[in-house]
Amino acid sequence: MIGVAGAPGAGKSTLARRVVAAVDDRLGAGTAVQVPMDGFHLANAALDALGRHDRKGAIDTFDAHGYVALVRRLVAADEPVVWAPDFDRRVDEPVAGSIAVQQTAALVVTEGNYLLDETEPWAVLPDLLTETWWCQVDDGIRLDRLVGRHMRHGRDHEAAMRWATEVDGVNAARVAATASRASRIVLT
């Protein structure tokens with residue numbers, strides 16, 4: 001089980017998809033599966049109720065204990081199938097039971113910002129994962145990726161830039177402090 005960590009916009013999802021595709025191409029479809037941490041975003045209604053929607057993506061806007069429990073289930077591999085949630089960027093919401101992880105999967109690649117965070121319950125993740133990879137990218141490229149992503153999902157350029165620097169920027173600073181915990185660095 002590989003965990004891919006990095007700042008928002010660093011290329012975690014892209015790297016995870018490429019690894020899964022390469023393994024599946026080589027060993028057969030379904031050999032590898034991607035499980036994003038983003039499936040554990042709190043729902044928008046919950047974020048509104050908690051007053052956290054304006055900083056969605058911050059560490060306290062995820063169901064951390066739920067994510068760690070899922071990783072433990074995937075590592076145990078003692079169930080025929082484990083259903084994991086995904087995140088639908090079109091509606092900006094997590095979607096439960098979207099990803100089937102078969103017991104026979106040879107590789108699970110999970111990715112997210114906080115896989116290397118040292119606070120509980122996140123702190124246990126590096127010990128559960130076989131390896132942890134840190135996605136390293138130039139901050140200018142990362143910012144451009146984020147602004148483009150936010151614009152593709154409905155924000156105008158000014159709002160996209162503000163979110164990428166003010167919200168994602170705060171998260172990026174927190175996440176960058178955890179890079180030394182990774183097993184290896186991957187330039188993306």
Side-chain angles (χ1 to χ4, degrees), residues 1-43 46 56-136 171 174-175 177-188:
M1 186 149 180
I2 296 173
V4 179
K12 299 177 298 293
S13 298
T14 301
L15 175 61
R17 272 193 305 275
R18 287 179 179 164
V19 168
V20 167
V23 170
D24 280 354
D25 285 348
R26 181 172 223 150
L27 301 176
T31 303
V33 64
Q34 179 182 0
V35 177
M37 185 194 84
D38 279 355
F40 287 87
H41 270 289
L42 297 179
K56 186 174 187 171
I59 197 165
D60 64 340
T61 65
F62 289 90
D63 174 11
H65 289 283
Y67 177 69
V68 170
L70 175 71
V71 170
R72 285 188 169 120
R73 289 175 67 198
L74 294 172
V75 168
D78 58 3
E79 301 171 56
V81 65
V82 173
W83 287 94
D86 200 355
F87 188 80
D88 187 338
R89 290 195 186 278
R90 293 168 300 172
V91 294
D92 197 38
E93 289 279 8
V95 181
S98 297
I99 301 168
V101 182
Q102 301 294 331
Q103 187 176 32
T104 56
L107 176 66
V108 176
V109 181
T110 188
E111 40 85 13
N113 294 346
Y114 304 110
L115 274 58
L116 301 172
D117 199 87
E118 295 183 283
T119 61
E120 293 302 324
W122 306 99
V124 302
L125 290 170
D127 291 334
L128 294 173
L129 301 168
T130 309
E131 287 192 11
T132 52
W133 297 356
W134 174 261
C135 284
Q136 184 67 44
N171 301 334
R174 178 181 185 136
V175 171
T178 69
S180 65
R181 296 185 77 200
S183 308
R184 63 185 68 233
I185 307 293
V186 179
L187 302 178
T188 56

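Only a predicted model underlies this, so the values are computations on that prediction, with no experimental measurement involved.
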For a quick test of your reading: what N or O donor-acceptor pairs under 3.5 Å do the side chains of residues 69-82 make, sequence neighbours left out?
unit_1, atom_1, unit_2, atom_2, d
Arg73, NE, Glu79, OE2, 2.9
Arg73, NH2, Glu79, OE1, 2.6

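- Counting heavy atoms from C-beta on, the side chains of Leu116 and Trp122 never come closer than 4.5 Å.
- Partners of Ala58 under the side chain to side chain contact (heavy atoms under 4.5 Å, CB included) rule, at least two apart in sequence or in another chain, are Arg55, Asp60, Thr61, Asn171.
- Looking at residues two or more places apart in sequence or on another chain, you find no side chain to side chain contact (heavy atoms under 4.5 Å, CB included) involving Arg26.
- Contact detail for Val95 and Ser98: the closest heavy-atom pair is O-OG, 2.8 Å.
- Taking all atoms of both residues into account, the shortest heavy-atom contact from Val4 to Cys135 is CG1-SG, 3.5 Å.
- Residues Ala32 and Val20 come closest through the heavy atom pair O-CG1, 3.6 Å.
- With sequence neighbours excluded, no residue forms a side chain to side chain donor-acceptor pair (under 3.5 Å) with Asp25.
- Of all heavy-atom pairs between Ala16 and Val109, the closest is CB-CG1, 3.6 Å.
- Nearest heavy atom pair, residue Pro126 against residue Arg181, reads CG-NH2, 3.7 Å.
- In this structure, the separation between CG on Asp63 and CE on Met37 is 11.0 Å, given to the nearest 0.5 Å.
- With sequence neighbours excluded, no residue satisfies side chain to side chain donor-acceptor pair (under 3.5 Å) with Thr130.
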For a quick test of your reading: what N or O donor-acceptor pairs under 3.5 Å do the side chains of residues 6-14 make, sequence neighbours left out?
unit_1, atom_1, unit_2, atom_2, d
Lys12, NZ, Gly6, O, 3.3
Lys12, NZ, Ala7, O, 2.9
Lys12, NZ, Asn113, OD1, 2.9
Ser13, OG, Glu111, OE1, 3.3
Ser13, OG, Glu111, OE2, 3.3
Thr14, OG1, Arg17, NH2, 3.3

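- In this structure, the side chain to side chain contact (heavy atoms under 4.5 Å, CB included) partners of Leu27, at least two apart in sequence or on a different chain, are Val23, Thr31.
- For Glu93, the side chain to side chain donor-acceptor pair (under 3.5 Å) test picks out Asn44, with sequence neighbours left out.
- A side-chain contact (heavy atoms from CB on, under 4.5 Å) with Trp134 is found for exactly one of Thr178, Thr188, Leu187, Val186, namely Thr178.
- Atom CZ of Arg184 sits about 15.5 Å away from atom CD of Gln136, to the nearest 0.5 Å.
- For the side-chain contact (heavy atoms from CB on, under 4.5 Å) test with Leu115, the passing option among Thr132, Leu129, Val175 is Leu129; the others fail.
- Residues forming a side chain to side chain donor-acceptor pair (under 3.5 Å) with Asp88 (at least two apart in sequence, or on another chain): Arg90.
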Test side chain to side chain contact (heavy atoms under 4.5 Å, CB included) applied to Leu128 and Met1, step by step: CA-CA 8 Å; Leu128 294 173; Met1 186 149 180; over 6 Å; no
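- Residue pairs meeting the ring pair (Phe, Tyr, Trp, His ring centres under 6.0 Å) criterion with at least one member in residues 69-110, sequence neighbours excluded, are His41-Phe87.
- Remark: Arg174 pairs with Ile59, Tyr114, Asp117, Thr119 by the side chain to side chain contact (heavy atoms under 4.5 Å, CB included) rule, at least two apart or across chains.
- Between Pro85 and Ile99, the closest heavy-atom pair is O-CD1, 3.7 Å.
- Side-chain atoms of Gln102 and Val33, non-hydrogen and from C-beta on, never get closer than 4.5 Å to each other.
- Within the structure, ring pair (Phe, Tyr, Trp, His ring centres under 6.0 Å) pairs that include any residue of residues 88-109 do not occur (at least two apart or interchain).
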